Amino acid sequence: MQLLRSLLKQILYESVRGDDDRKITDICCHSEKVKEGSLFVCINGYRNNGHEYVPQAVEHGAAVLVVDDRYVIESRSGPVILTEHMKVNVYELIRDRNICVVAVRDTRKALSALSAAFFDHPAERMKMIGITGTNGKTTTAFLTAGILQEAGYRVGMIGTIESYDGRRRETVKNTTPESCEIHRLLSRMVENECDCCVMEVSSQGIALQRTADIFFDIGVFLNIEPDHIGKGEHATFSEYLYCKSRLMRQCGIGIVNQDDPNVDKILAGHTCEVENFSIRHPSDVMAEDEWYGMESGSLQSHFTVKREWRREDIVMQLPGQFNIYNALAAISVAGHFKVDREQIKAALAKQIVPGRCQNMTAGTGYVFLIDYAHNEMSLRNLLETLRKFKPARLIVIFGCGGNRSVLRRYQMGETAGRLADFTIITSDNPRWEDPERIMNQIEDGLRGAVCAGEKPSYIKISDRRAAVEYAVSMAEKRDIIVLAGKGHESYQEIKGIRYPLDDRKIVQEALDGGIREYHC
Ligand SMILES: CC(=O)N[C@H]1[C@@H](OP(=O)(O)OP(=O)(O)OC[C@H]2O[C@@H](n3ccc(=O)[nH]c3=O)[C@H](O)[C@@H]2O)O[C@H](CO)[C@@H](O)[C@@H]1O[C@H](C)C(=O)N[C@@H](C)C(=O)N[C@H](CCC(=O)O)C(=O)O
Ligand SMILES: Nc1ncnc2c1ncn2[C@@H]1O[C@H](COP(=O)(O)OP(=O)(O)OP(=O)(O)O)[C@@H](O)[C@H]1O
Ligand SMILES: N[C@H](CCC[C@H](N)C(=O)O)C(=O)O
């Protein structure tokens with residue numbers, strides 16, 4: 001419990017109406033999560049206006065409402081919280097419910113600052129490592145945590161696949177969750193005596209102030225390519241780039257990929273000490289002599305890492321140059337901890353990441369991989385990598401998420417047409433969009449590869465399970481089949497509902513022979 005008055009000392013606000021001598025039991029921004037004594041922060045979101053949930057929050061026992069100053073209007077009966085669909089008299093809230101109303105300029109910023117204060121600034125009590133990049137955040141987070149754990153550190157994690165507070169794992173809705181959830185998780189990590197937290201920092205997380213009150217000891221920049229541009233994400237590539245670059249003004253040491261063409265823009269205005277890693281240029285941590293091989297059906301990467309005067313041979317269970325970049329980032333981070341070379345080698349040799357280049361076949365003569373490539377850059381890297389293993393045929397199955405960048409669909413279609421021998425276009429998470437329309441857009445992109453002189457060969461099967469079964473039925477010796485886009489996800493999201501669907505399960509079932517008769 002925290003006293004509202006002491007929390008308010010730590011934030012900027014416009015006005016406070018009501019008794020600030022209140023004890024706060026919790027902090028949240030979703031009315032359903034409000035409990036007796038909670039502080040409820042109203043956020044005007046993409047679909048809903050949190051201010052319209054004031055009555056619900058009050059019903060659930062909110063003690064404090066933090067509102068955007070622009071929604072507090074002076075009326076004849078005194079101040080009211082006024083939105084398009086709702087009017088609530090502030091003095092009635094104070095008189096009848098003993099609720100305190102705090103008006104601020106930016107409720108997202110206030111949520112972040114109040115959450116940090118409410119949970120007693122847990123980020124200041126651990127080493128914080130923040131990882132950003134269009135692709136590779138999860139993989140790098142797992143590799144980093146794997147190395148630190150190998151060296152005996154207790155490591156908390158927050159990212160796309162799950163959060164880990166040092167004792168419990170939980171799935172999270174966002175890669176970078178809302179600030180109140182982040183600080184709640186961080187405080188549990190502190191309670192569970194974590195030494196450090198490795199967290200993925202998405203551009204959307206930065207843009208929406210989810211990480212505003214965290215100063216990262218180490219910030220990692222992996223890469224950036226045009227993605228996440230569209231309604232509900234970023235307006236332009238420059239805005240996307242700008243958001244990612246903010247991490248370099250919010251960390252003590254910035255570890256950056258020297259080979260990324262936009263690295264200078266990412267570092268513009270940086271306030272951190274900079275270290276770099278590279279495969280192409282001399283840098284603090286470098287890889288050379290990379291080669292890729294297959295052992296017992298597992299696709300591996302081999303390389304030599306050079307750091308200062310030392311050289312080490314590394315083997316990883318993750319294929320591809322892009323994974324070597326992820327490993328270089330993790331090795332660079334490890335340089336700031338007490339980790340020895342054997343611990344780095346051992347951790348990298350065994351680390352796998354759920355749904356990232358996950359091999360589902362052993363001894364079948366062909367390889368069936370599950371991967372999370374869901375944009376052009378990742379699909380291109382993945383298919384180019386898999387080509388290096390010289391498959392008889394490279395077959396790819398994928399769809400594209402609804403309510404995400406539309407450009408992804410054309411680009412991924414074109415890339416599949418260009419790099420795969422056969423493509424099965426299927427459905428991903430259509431969300432609120434028509435899955436057939438998304439598949440047609442992918443098909444348009446794929447046909448573009450025909451115009452460019454390639455001969456794409458493909459089929460459209462909207463049912464993801466049927467698409468996998470079809471692929472298994474056509475698989476022959478030395479084929480590589482990759483099911484891309486959903487990786488670790490255990491659901492398919494259609495019109496706001498998450499139905500159970502797990503690529504790993506459907507592939508296993510299809511491989512085990514549970515193939516239904518397929519009608520084209
Ligand atoms: C587009 C976007 O970023 N949306 C995020 C946003 O939702 P929203 O703006 O639609 O929320 P809203 O429904 O309008 O609600 C507004 C406010 O009213 C409140 N509310 C709403 C309903 C209700 O009954 N009661 C109530 O109090 C909500 O809690 C919220 O505070 O705020 C929510 C709560 O924080 C997020 O979960 C949600 O992420 C959605 C699920 C999402 O898909 N976001 C993507 C774009 C995203 O953030 N992706 C990045 C990773 C990308 C990557 O790196 O690949 C991420 O970090 O996950
Ligand atoms: N460094 C990289 N560069 C390009 N592609 C990568 C890189 N690392 C991984 N990938 C590809 O991107 C996919 C997603 O990887 P990962 O989950 O690590 O990235 P992410 O940034 O966490 O993604 P998201 O935030 O969208 O969940 C992988 O399955 C792989 O195909
Ligand atoms: N972090 C990514 C994940 C996309 C995964 C894909 N399966 C989809 O649903 O679009 C995003 O939110 O854009």
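From a predicted model like this one, the values you see are computed outputs, not experimental measurements. Ligands are counted one by one from 1 in listed order, and the atoms in each one are counted from 1 as well. These values consider heavy atoms only, across backbone and side chains, with no hydrogens, waters or symmetry-generated copies.
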On the six-membered ring of F398, is K486 placed so that its NZ or CZ lies under 6.0 angstrom from the centre and within 45° of the ring axis?
no
Nearest-neighbour protein heavy atom for [atom], which is reported as residue plus atom name and distance:
atom                    : answer
atom 13 (O) of ligand 3 : R404 NE, 3.0 Å
atom 4 (C) of ligand 2  : N381 ND2, 3.1 Å
atom 3 (C) of ligand 3  : Y372 OH, 3.2 Å
atom 11 (C) of ligand 2 : S378 CB, 3.4 Å
atom 25 (O) of ligand 2 : K137 NZ, 2.8 Å
atom 17 (O) of ligand 2 : R356 NE, 2.6 Å
atom 8 (N) of ligand 2  : N326 ND2, 2.9 Å
atom 10 (O) of ligand 3 : G401 CA, 3.3 Å
atom 19 (O) of ligand 2 : G136 N, 2.8 Å
atom 18 (O) of ligand 2 : T139 OG1, 2.6 Å
atom 8 (C) of ligand 3  : D428 OD1, 3.3 Å
atom 2 (C) of ligand 3  : H374 NE2, 3.6 Å

Check the surroundings of atom CZ in R249: do more than 12 heavy atoms from other residues, nucleotides or ligands lie under 6.0 Å from it?
yes
Take a 6.0 Å sphere around NZ of K505 and say whether it holds more than 12 heavy atoms from other residues, nucleotides or ligands.
no
In plain terms, say whether [X] and [Y] are close enough for a salt bridge, that is, a side-chain N and a carboxylate O under 4.0 Å apart.
X    : Y    : answer
D26  : R184 : yes
E433 : R437 : yes
E376 : R408 : no
R387 : E384 : no
R97  : E59  : yes

Closer than 4.0 Å to some heavy atom of [X] - which atoms of ligand 2 meet that?
X    : result
H374 : 23 (O), 24 (P), 26 (O)
T134 : 21 (O)
E200 : 22 (O)
N223 : 1 (N), 2 (C), 3 (N)

Are any of the N/O atoms in T138 less than 3.5 Å from those in ligand 2?
yes
Proximal ligand 3 atoms for R431, defined as those under 4.0 Å from one of its heavy atoms:
8 (C), 9 (O), 10 (O)
Output the list of atoms in ligand 3 that are nearer than 4.0 Å to some heavy atom of N429, sorted by atom number.
7 (N), 8 (C), 9 (O)
If you take the nearest heavy atom of each of F142, Y372, Y325, F322, which one is closest to atom 2 (C) of ligand 2?
F322
Any idea which of I161, D371, T175 brings a heavy atom closest to atom 31 (O) of ligand 2?
D371
If the contact criterion is a heavy-atom separation under 4.0 Å, does T140 count as touching ligand 2?
no
Report yes or no: does a heavy atom of Q204 sit under 4.0 Å from some atom of ligand 3?
no
Using heavy atoms and a threshold below 4.0 Å, how should the contact between [X] and ligand 2 be classified: side chain, backbone, both, or neither?
X    : value
L222 : neither
N135 : both
T160 : side chain

Close N or O approach (C400, ligand 3; < 3.5 Å)
no
For ligand 1, list the protein residues that place a heavy atom within a distance below 4.0 Å of one of its atoms, sorted by chain and number.
C29, H30, S31, F40, I43, G45, Y46, R47, N48, G50, Y53, K137, K173, N174, T175, T176, E178, S202, Q204, L208, R210, H228, G232, R404
